[in-house]
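Worksheet: the structure to be examined is printed underneath.
In this text, all values refer to a predicted model and were calculated from it rather than measured experimentally. Lettering follows sequence order; numbering is per chain, from 1.
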Amino acid sequence: MKELISKITKDYLFRLIKDGKRLDGRDLLEQRDLDIETGWIGTAEGSARVHLGDTDVIVGIKMDVGEPFPDTPEKGVMITSAELIPMASPKYESGPPREDATELARVVDRGIREGEVMDVKKLCIKKGEKVWLVFVDMHILDFDGNLFDACGIALMAALMNTIVPAERHELGEDYPLPVEHVVVPTTFYKVKDQIMLDVRLEEEMIADARLTVATNENGDIVAMQKGLSGVFEYEETISCIEESKKIGDELRKQLDKIKS
Amino acid sequence: MKELISKITKDYLFRLIKDGKRLDGRDLLEQRDLDIETGWIGTAEGSARVHLGDTDVIVGIKMDVGEPFPDTPEKGVMITSAELIPMASPKYESGPPREDATELARVVDRGIREGEVMDVKKLCIKKGEKVWLVFVDMHILDFDGNLFDACGIALMAALMNTIVPAERHELGEDYPLPVEHVVVPTTFYKVKDQIMLDVRLEEEMIADARLTVATNENGDIVAMQKGLSGVFEYEETISCIEESKKIGDELRKQLDKIKS
Amino acid sequence: MKELISKITKDYLFRLIKDGKRLDGRDLLEQRDLDIETGWIGTAEGSARVHLGDTDVIVGIKMDVGEPFPDTPEKGVMITSAELIPMASPKYESGPPREDATELARVVDRGIREGEVMDVKKLCIKKGEKVWLVFVDMHILDFDGNLFDACGIALMAALMNTIVPAERHELGEDYPLPVEHVVVPTTFYKVKDQIMLDVRLEEEMIADARLTVATNENGDIVAMQKGLSGVFEYEETISCIEESKKIGDELRKQLDKIKS
Amino acid sequence: MAEEELKLIDEKGIRNDGRKFDELRPIKIEAGVLKRADGSAFLEWGENKVMAAVYGPREMHPRHAQDPSRAVVQARYNMAAFSVPDRKRPGPDRRSVEISKLMSEALEEIIFVEHFPRASIDIFVEVLEASAGTRCAALTAASVALADAGIPMSDMIASCAAGKIGGKVVLDLGKKEDNFGQADVPMGMVPTTGKITLLQMDGNLTMEEYKQAMELAMDACKEIYKIQRDALKRRYSTSISTFEETNDMEEE
Amino acid sequence: MAEEELKLIDEKGIRNDGRKFDELRPIKIEAGVLKRADGSAFLEWGENKVMAAVYGPREMHPRHAQDPSRAVVQARYNMAAFSVPDRKRPGPDRRSVEISKLMSEALEEIIFVEHFPRASIDIFVEVLEASAGTRCAALTAASVALADAGIPMSDMIASCAAGKIGGKVVLDLGKKEDNFGQADVPMGMVPTTGKITLLQMDGNLTMEEYKQAMELAMDACKEIYKIQRDALKRRYSTSISTFEETNDMEEE
Amino acid sequence: MAEEELKLIDEKGIRNDGRKFDELRPIKIEAGVLKRADGSAFLEWGENKVMAAVYGPREMHPRHAQDPSRAVVQARYNMAAFSVPDRKRPGPDRRSVEISKLMSEALEEIIFVEHFPRASIDIFVEVLEASAGTRCAALTAASVALADAGIPMSDMIASCAAGKIGGKVVLDLGKKEDNFGQADVPMGMVPTTGKITLLQMDGNLTMEEYKQAMELAMDACKEIYKIQRDALKRRYSTSISTFEETNDMEEE
């Protein structure tokens, strides 16, 4: 994707970042404006549209009844997909890179799954035979960087907004999806030894390394993923985790407002 | 497909058509010779081979027992596919255009389905559990224009020729497929404001717009489809429908002969 | 694949072979060293790794319980796949040729199947409902010619090494796969009217025609396959079959050692 | 069209959702809603939610698909997995392939394609929530997105369906009317010239009913055309004011 | 080969369908039956119905697959969905891939491929109705279609199978014989030279039985070769007479 | 990470398979085991069996994917169908796609990619038998195969996981520990510089536990690095001796 950005812009960005500054005047560890709108899709059991600056994503949740996996007969199943639709970026012209969509879906999924956000045992209808399937579809409408966090927040918000459609399946009354933890990811990008938060597309394009840390409300780490070919020092990972906990607490406050 | 035809031929065709004439001497609204041969494929439950001039298509019907769709538990299911095999045209060398095959299959299918040609309720074996599946496969052997009509007629003929293989499935005696209506499509092509019927390949290649109208024996319209990037005036669509009814009646006479 | 070999090497090989000689000093009908290692993969029900000179292949057998084919309700099912992984050859860079893998899998499978190596009736658990499925996966690690024989021998060895995992499926005690015959293929390549055995890659690249003959311990022919665009005389096929029986007996001796 | 199983229209001609026979569902359009795309439009039509984005003219890839005499117009109609009551598998199905083809053909008609040899003009429409009439919504939104992208066009296409329910010809079928009605005629036209660029029909209509349906739909297209133009005007005036602000700043 | 479960051949050597051990099913070939293709042939062989079409020599696509020293011969064997008792899913399965490969290789042998560098010669065979022996029928029809297309060839390939049923070696297995027989040996050869271009075998044969089977099949190929040539002669004489008629007309 | 259902570690800190909390499973590496590949390594790590092969630098195909300023590093992680208790369908699944991406990125860091513009360097890793920790085994083997291929590199990557079982932080989770443990932290680093090139984590860890896990894994990587170097030394000395033998022969 690097060819989308001119050498002059690149050099300018490098100089700015070296001085701890950014194109839009933010501090290196400052987030963009975050807007979360839930329940936006009437046909979905749960949904959220998240604007993180100009990055615009929708997550929709559909639920159905199906069979559990043989090795987890008492647990509901979550299936997560990400569609980097060609609408979102001029670079997706000839089909968006499959491995990018796969990594995005898997990292966002991992935070929710490993953070035990849903009590999947409560999604069991009949052990070994029938459980709730939770289909998560993430649709990227406008891509201005940092999809990991935008999608992670949108998915968390959509889950908090989801109503289990029990009536439609003749399984009693509808009820809210059992959400036990609030997990949010925070993604750091490293450019020329500076570590920055919530990058825009131009910044993402020149980054050397990426680190996503997902935490829960207890401050536990539940998932991490390093990406790109650059490296991190061990001490840098420690700082990122500490920063992630702080930002996670801020985000959880915004998410809690939705709930109520 | 336009590059297959030289500018000289194109210009010649334009001049002819402007004067209401055609390459093979036909009138603009005159069909080519139609030959229908049914029961041609011994392994199929029903089949028809149709020559429309040099256009040569085979439709084979296979039937099987399967599950109905959840929202139509009392109805048999028809599944229609078209294969534009590379045999049929030098242009299909690197695989025929998928969307052309899809549109062809869907338009032909729509006439039969919306015209309620089959009484699909009679194809129910056990409500919600077992119904007859009707697999329609259209094979284009030689492509000299106007596949919509050739395939539509061949499918109608093949259905009239189909025997439900009940014995093989231990469901009583074999019986003819319940055909209630005779629906045929008529496809008009517009070239430089002239409207013509049953085009040959060269004419199809220079056409601006296409309109298919399918009617039943009561003169009702049951399906329509406009194609290509050209436009129709509202009044032109009225004329096409009227013409389609007339030609449909002629075709139904030919089809009725098959039946008896 | 021919472009991988220079004209000089080609001409040199042609001259050698014309004189009945080979690059590595073997006689035309002499095999390379054969090494068979069984039980190599702990996660497989049966496995064998075969080195035939520098050609290196692994065959793994996995078994599962499933439905029989409707027309053979009393018989277990064998499903054979070959993966020409890009690891095996510089030519597989942009994906190995699909039809080569398909032919390889089908020819090797045919010998075992038609030679009735397994008593597939003994793999029936409940007629028409449950049978053993035998998944054969052939993995080519290093490709120095003559995959047909290397894979055929490896598959035969892997089957002789396979334990039916009955216990895991609560179907009584584990037991060895019922192997009734020992079938091995022998593949001849024809270069400029000379017929040679067990070719290396360079020889395979310049060959005109290929003939595989699979025999059993009674000296019966159970499968044959001619490949490539060259031709065989009828008499040549007779000689190949005779040779194949002899070599087959040698190979069977090596395989019998595994068994005991 | 399934046969009617419920009362879709009463004796007074009032439909299930309270509309009259010739009444559209509410339509809202906003142009210029995406940053990356060259043009975009978001449209709500009853319960339908549709986003359209335009990229181009840009170099056509792959090259062998370029047309040396004109731009290639490629529309992609896609339904989000969550846009329908039963989750849709991601990726194009046969229905989407057909609609994408018809949309590409219809839009090619209004674009000055000969201005951009070897180029592609790509229109992406995402159906985010679907409730009958999505192809008309998609075509209507795509036209606005093309205009927002500044693609040279002869005019815009407005699109709408008419149909038959309970034996009566009505405008703009809703979800239940579509499922249990007797005929549906989605069409698209250039309202200023009357040229029909999209026309499909399924069900059962007499010639007379066809005429009634077309007349309803053609009138409605003129109404929709106004909504399209208003969206562009709002977008344009925003741009102007932004432009003026910029000028102000420069003068300081 | 499944084991025999029914009586396929009686004491007098008469087979289920009344044929003798060395008797072919009826074969009919018609050349030049399609308009678009450069050459074509329609073949009926017992209940088998097979259409073959040839395109080329034409420029090979994609380019990187071109061979600078010769034409690439690409045969595609395809079964229509309705050609078998249980509907076949459209598209190539592993069996079709293998047969297509073997056909391509066999036909490459007889074509003067070095005359057409960078070209492809494409042979499409559609099995419209299948009843044992379709690969032999396909190869036989393809040879005629190649000749009809005027592709320079050294000769034609005829193809036929022999096999074993009820312990006896017989020619040209029918459907039941194929399903319940003990061996099948499909082969193809150039009858004038005896060169074998296709050879497969499955089942169980002793060397002696193999020899008997091959001798039956090789003799049959000569018979089939005559039918192939007759088809081309009929086609040729039709062309000639058409040509003469044309001349007559021009002289008037 | 599923919750713990069995006793994975006892009061004395001894694990199910007898290992201490900071003990690796046995690791064996052999370099240069394949003939066709430019470099290769076979690695056994507990019950894991992994083969790595390297091809390149070679011209990148397709051309439009070439980078004019550097080599493209492409790693493919693939599990054999028989490598797991329940047969895996051949071909890449989403897990393999992710691991391949992470491996490509990690290895790109240590290769002097700017030395080989327009080239590709391809690393193929086949997991032949899998028993927890295959991605670490794959990355470790790939580094050795790259060195064996003579690809210019700044250094090698060693890779290992730490995790949490029964509330205790331990090194190198085995199969059961992986299935029933509470957290897993696979990481890869350049042991001589301490730079982290691979890092993933799932489960539940406090900051303190994270630090313990990383310290265990970083120490282990140094140990693994020695095994990698020893494998290359053995390979190198074999080459040398072969070389000397060759010289001897020539002198005769």
Task: Under 4.5 Å from any heavy atom of chain A - which part of Leu198(F) - done: backbone

- [ ] Using non-hydrogen atoms and a 4.5 Å limit, figure out which bit of Met189(F) sits close to chain A: side chain, backbone, both or neither.
- [x] neither

Task: Top of Glu108(F), Arg95(F), Met187(F) for chain A proximity - count of heavy-atom pairs under 4.5 angstrom - done: Arg95(F)

Open item on the list: Can you confirm whether more than 12 heavy atoms, excluding those of Phe14(A), are under 6.0 Å from its CZ atom?
Closed with: yes

- [ ] Sort out for me which of Glu233(A), Glu99(A), Arg106(A), Arg98(A) touches chain F most, counting heavy-atom pairs under 4.5 Å.
- [x] Arg106(A)

TODO: Would you mind checking which part of Glu236(A) comes under 4.5 Å of any heavy atom in chain F, side chain (CB onward), backbone (N, CA, C, O), both or neither?
DONE: neither

Open item on the list: So which atom in Arg94(F) and which in Thr80(A) form the shortest heavy-atom distance, rounded to 0.1 Å?
Closed with: NH2-O, 2.7 Å

Task: Close side-chain approach of Ile241(A) to Tyr210(F), heavy-atom, < 4.5 Å - done: yes

- [ ] Inspect the surroundings of CZ in Arg252(A) and state if more than 12 heavy atoms from other residues, nucleotides or ligands are less than 6.0 Å away.
- [x] yes

Open item on the list: Which heavy atom of Gly230(A) sits nearest to which heavy atom of Glu109(F), and what is that distance?
Closed with: CA-OE1, 3.8 Å

Task: Over 12 foreign heavy atoms within 6.0 Å of CG, Asp71(A) - done: yes

Open item on the list: I need the Met207(F) CE to Ile221(A) CD1 distance, nearest 0.5 Å.
Closed with: 6.0 Å

Open item on the list: With a strict 4.5 Å heavy-atom criterion, list every residue of residues 123-133 of chain A that contacts chain F, or say none.
Closed with: none

Open item on the list: What's the separation between atom CG in Leu211(A) and atom CD1 in Ile196(F), rounded to the nearest 0.5 Å?
Closed with: 9.0 Å

Open item on the list: Would you compute the distance between atom CE of Met214(F) and atom CD of Glu235(A) and round it to the nearest 0.5 angstrom?
Closed with: 9.5 Å

TODO: Find the one option among Thr237(A), Asp220(A), Val222(A) whose heavy-atom pairs under 4.5 Å with chain F are most numerous.
DONE: Val222(A)

Open item on the list: Does Glu47(F), at its CD atom, have more than 12 non-hydrogen atoms belonging to other residues, nucleotides or ligands within less than 6.0 Å?
Closed with: no

TODO: Answer yes or no: does atom NZ of Lys176(F) have more than 12 heavy-atom neighbours from other residues, nucleotides or ligands under 6.0 Å?
DONE: no

- [ ] Name the member of Leu102(F), Val190(F), Ile110(F) that forms the most heavy-atom pairs with chain A at distances under 4.5 Å.
- [x] Leu102(F)

Task: Distance, nearest 0.5 Å, that separates CG of Asn204(F) from CG of Asn216(A) - done: 6.0 Å

Open item on the list: Any non-hydrogen side-chain atom of Glu114(A) less than 4.5 Å from a side-chain atom of Met201(F)?
Closed with: no

TODO: Examine whether an atom of Lys195(F) lies under 4.5 Å from a heavy atom of chain A, and if so say whether it belongs to the side chain, the backbone or both; otherwise answer neither.
DONE: both

Open item on the list: Any non-hydrogen side-chain atom of Lys101(F) less than 4.5 Å from a side-chain atom of Asp100(A)?
Closed with: yes

- [ ] With rounding to the nearest 0.5 Å, note down the distance linking CD in Glu98(F) to CD in Gln225(A).
- [x] 4.5 Å

Open item on the list: Which one wins on heavy-atom pair count under 4.5 Å against chain F: Thr72(A), Thr102(A), Val107(A)?
Closed with: Thr102(A)

Open item on the list: Take a 6.0 Å sphere around CD of Glu180(A) and say whether it holds more than 12 heavy atoms from other residues, nucleotides or ligands.
Closed with: yes

Task: Interface moiety of Ser244(A) toward chain F, non-hydrogen atoms closer than 4.5 Å - done: neither

Open item on the list: Measuring from atom OG of Ser229(A) to atom CD of Glu105(F), what distance do you get when rounded to the nearest 0.5 angstrom?
Closed with: 7.0 Å

